[in-house]
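Heads up: the structure comes next, in structure tokens.
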Amino acid sequence: MTRHARNCTAGAVYTYHEKKKDARASGYGTNAQRIGKDSVKDFDCCSLSLQPCANPVITKDGYLFDKEVILQYIITKKTEYSRKLRQYEKLKKQEEEQIQTKFMEEDNKKVNNFLKGENNIVSKPIDGFKPDEPSTSSVSNMVNGLDKHLPSFWVPSKTPNAEKLKLVKPDPTIPCPISGKPLKAKDLVNVKFMQVNDPDDKKCLITKENRYMCAVTHDILSNSVPCVVLKPTGDVVTVECFERIIKKDWIHPLTGSKLSEKDIIVMQRGGTGYAQTNVNLEGKHERPALQA
């Protein structure tokens, strides 16, 4: 009779805990772990640098960026597009030159075939007492222009199995680094956060736990509080404030101006590159699986 203890290994059931423990020790199977708060970006942090925004701007899809970081990203993408465009124009010019050279070679081939046929009509007199001229033809495979067509194993573009680059004109559209949708610098909206004024709290703004509040109701903002940005002024208010106060008459509560649905931008709350807050908080690492 076996011992019924915590370390008993003679049980008839292979428990879930034992399975996970053996999977971690063996190096096989998919690891799944719930992401903690340290792995989730704060709502007021840049989606690229993951740091608090000094000059926050938001896209029309609701993704928050630091103005300096997103402009640097746009400049880098434009530089990359210019480089690809120059490469495309260079390849296109080379292709046109190759086509022109091919036509010239075909014309020269036709002329040589014609001259060869004309020379064969009149036979030359044969002098049987004159010795044959020594042959000057070379046995090298690099003569008669073959060195330009033979493959080279040292140059990648000249190897026998090298594929010809396809001419694809680069796309000038700059995608958003998070959503992948077209992004333009003129579409970025400046965001104005209202700081929490607590005279007793002497901490730095970055180290504060409660940094910003709603511009209308003064509710504390966090990742668990859905927010919207009023596009004309850039003020940040809670979704509850928008639904209960602003949506009734579509009047800006701070300026009194008229608003429309296009003036409301729903902020996307913090997340990492492989998970978003309140959507998927589980990270997976796929490894080889054991086959029975």
- Start with the C-alpha gap between Val216 and Cys241, add the side-chain angles, then the distance that decides, and say whether side chain to side chain contact (heavy atoms under 4.5 Å, CB included) holds. CA-CA 7 Å; Val216 178; Cys241 172; 3.7 Å; yes
- Message: Pair Val196, Leu221 - check side chain to side chain contact (heavy atoms under 4.5 Å, CB included), show working.
- Response: CA-CA 10 Å; Val196 177; Leu221 304 180; over 6 Å; no
- Query: What's the verdict on salt bridge (Lys or Arg N to Asp or Glu O under 4.0 Å) for Arg244 and Glu240, showing C-alpha distance, side-chain angles and the deciding distance?
  - Reply: CA-CA 6 Å; Arg244 294 188 176 185; Glu240 184 180 6; 3.3 Å; yes
- Task: Take Ile174 and Lys78 through the side chain to side chain contact (heavy atoms under 4.5 Å, CB included) test and state the conclusion after the steps.
- Result: CA-CA 8 Å; Ile174 299 176; Lys78 287 185 177 180; 3.6 Å; yes
- Audit row: Leu85, Tyr81, side chain to side chain contact (heavy atoms under 4.5 Å, CB included) steps and yes/no: CA-CA 6 Å; Leu85 184 61; Tyr81 166 73; 3.9 Å; yes
- Could you go step by step and tell me if Lys110 and Glu106 meet the salt bridge (Lys or Arg N to Asp or Glu O under 4.0 Å) rule? CA-CA 6 Å; Lys110 292 179 181 179; Glu106 291 179 355; 5.7 Å; no
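To the nearest 0.5 Å, atom NZ of residue Lys192 and atom CG of residue Leu230 are 10.0 Å apart. Separating the SG atom in Cys176 from the CG atom in Asp187 is a distance of 11.0 Å, to the nearest 0.5 Å. Annotation: the span from Lys21 atom NZ to Glu18 atom CD amounts to 8.0 Å, rounded to 0.5 Å. Residue Ile178 holds its CD1 atom at 7.5 Å from OH of Tyr63, rounded to the nearest 0.5 Å. Taken to the nearest 0.5 Å, the NZ atom of Lys102 stands 15.0 Å off from the CE atom of Met104. Between Lys60 atom NZ and Ser179 atom OG the span is 9.0 Å, to the nearest 0.5 Å.
Residue Glu68 places its CD atom among 12 or fewer non-hydrogen atoms of other residues, nucleotides or ligands, all under 6.0 Å distant. The local environment of CD in Glu97 is crowded, with over 12 non-hydrogen atoms from other residues, nucleotides or ligands closer than 6.0 Å.
Of all heavy-atom pairs between Pro175 and Thr173, the closest is CD-O, 3.5 Å. Closest of all the heavy-atom pairs between Asp42 and Asn223 is C-OD1, 3.4 Å. Nearest heavy atom pair, residue Ile251 against residue Lys258, reads CD1-CD, 3.7 Å. Considering every non-hydrogen atom in both Phe43 and Leu64, the closest pair reads O-CD2, 3.4 Å. Taking both residues in full, the closest heavy atoms of Phe193 and Met267 are given as CZ-CE, 4.2 Å, listed atom of the first, atom of the second, then distance. Residues Val225 and Cys227 come closest through the heavy atom pair O-SG, 3.3 Å.
With a 4.5 Å cut-off on side-chain heavy atoms, Cys53 and Phe65 do not count as touching. For the pair Trp250/Ile264, a side-chain contact is recorded, criterion being any heavy-atom separation below 4.5 Å from C-beta on. Proximity of Val228 to Val237: side-chain heavy atoms (C-beta onward) are separated by under 4.5 Å at one or more points. By the 4.5 Å heavy-atom criterion applied to side chains, Val191 and Val236 are counted as neighbours. Residues Leu183 and Thr59 are in side-chain contact: their nearest non-hydrogen atoms beyond the backbone lie under 4.5 Å apart. Looking at heavy atoms from C-beta onward, Arg83 lies in side-chain contact with Gln87 at the 4.5 angstrom threshold. With contacts defined as side-chain heavy-atom distances shorter than 4.5 Å, the pair Asp66/Leu48 does not qualify. For the pair Lys84/Lys169, no side-chain contact is recorded, criterion being any heavy-atom separation below 4.5 Å from C-beta on.
Under the 3.5 Å distance criterion, the side-chain polar atoms of Asp263 are left unmatched by any main-chain donor or acceptor of Leu259. Of the possible donor and acceptor atoms, one in the side chain of Gln268 sits under 3.5 Å from a partner among the backbone N and O of Asp61.
Under the 3.5 Å distance criterion, with hydrogens and angles disregarded, a donor-acceptor pair is assigned to the side chains of Asp235 and Thr233.
Hydrophobic clustering (ILVMFWY, side-chain heavy atoms < 4.5 Å, transitive): Ile245 and Val266 are in one cluster. Both Val229 and Tyr212 belong to a common hydrophobic cluster when Ile, Leu, Val, Met, Phe, Trp and Tyr are linked at side-chain heavy-atom distances under 4.5 angstrom.
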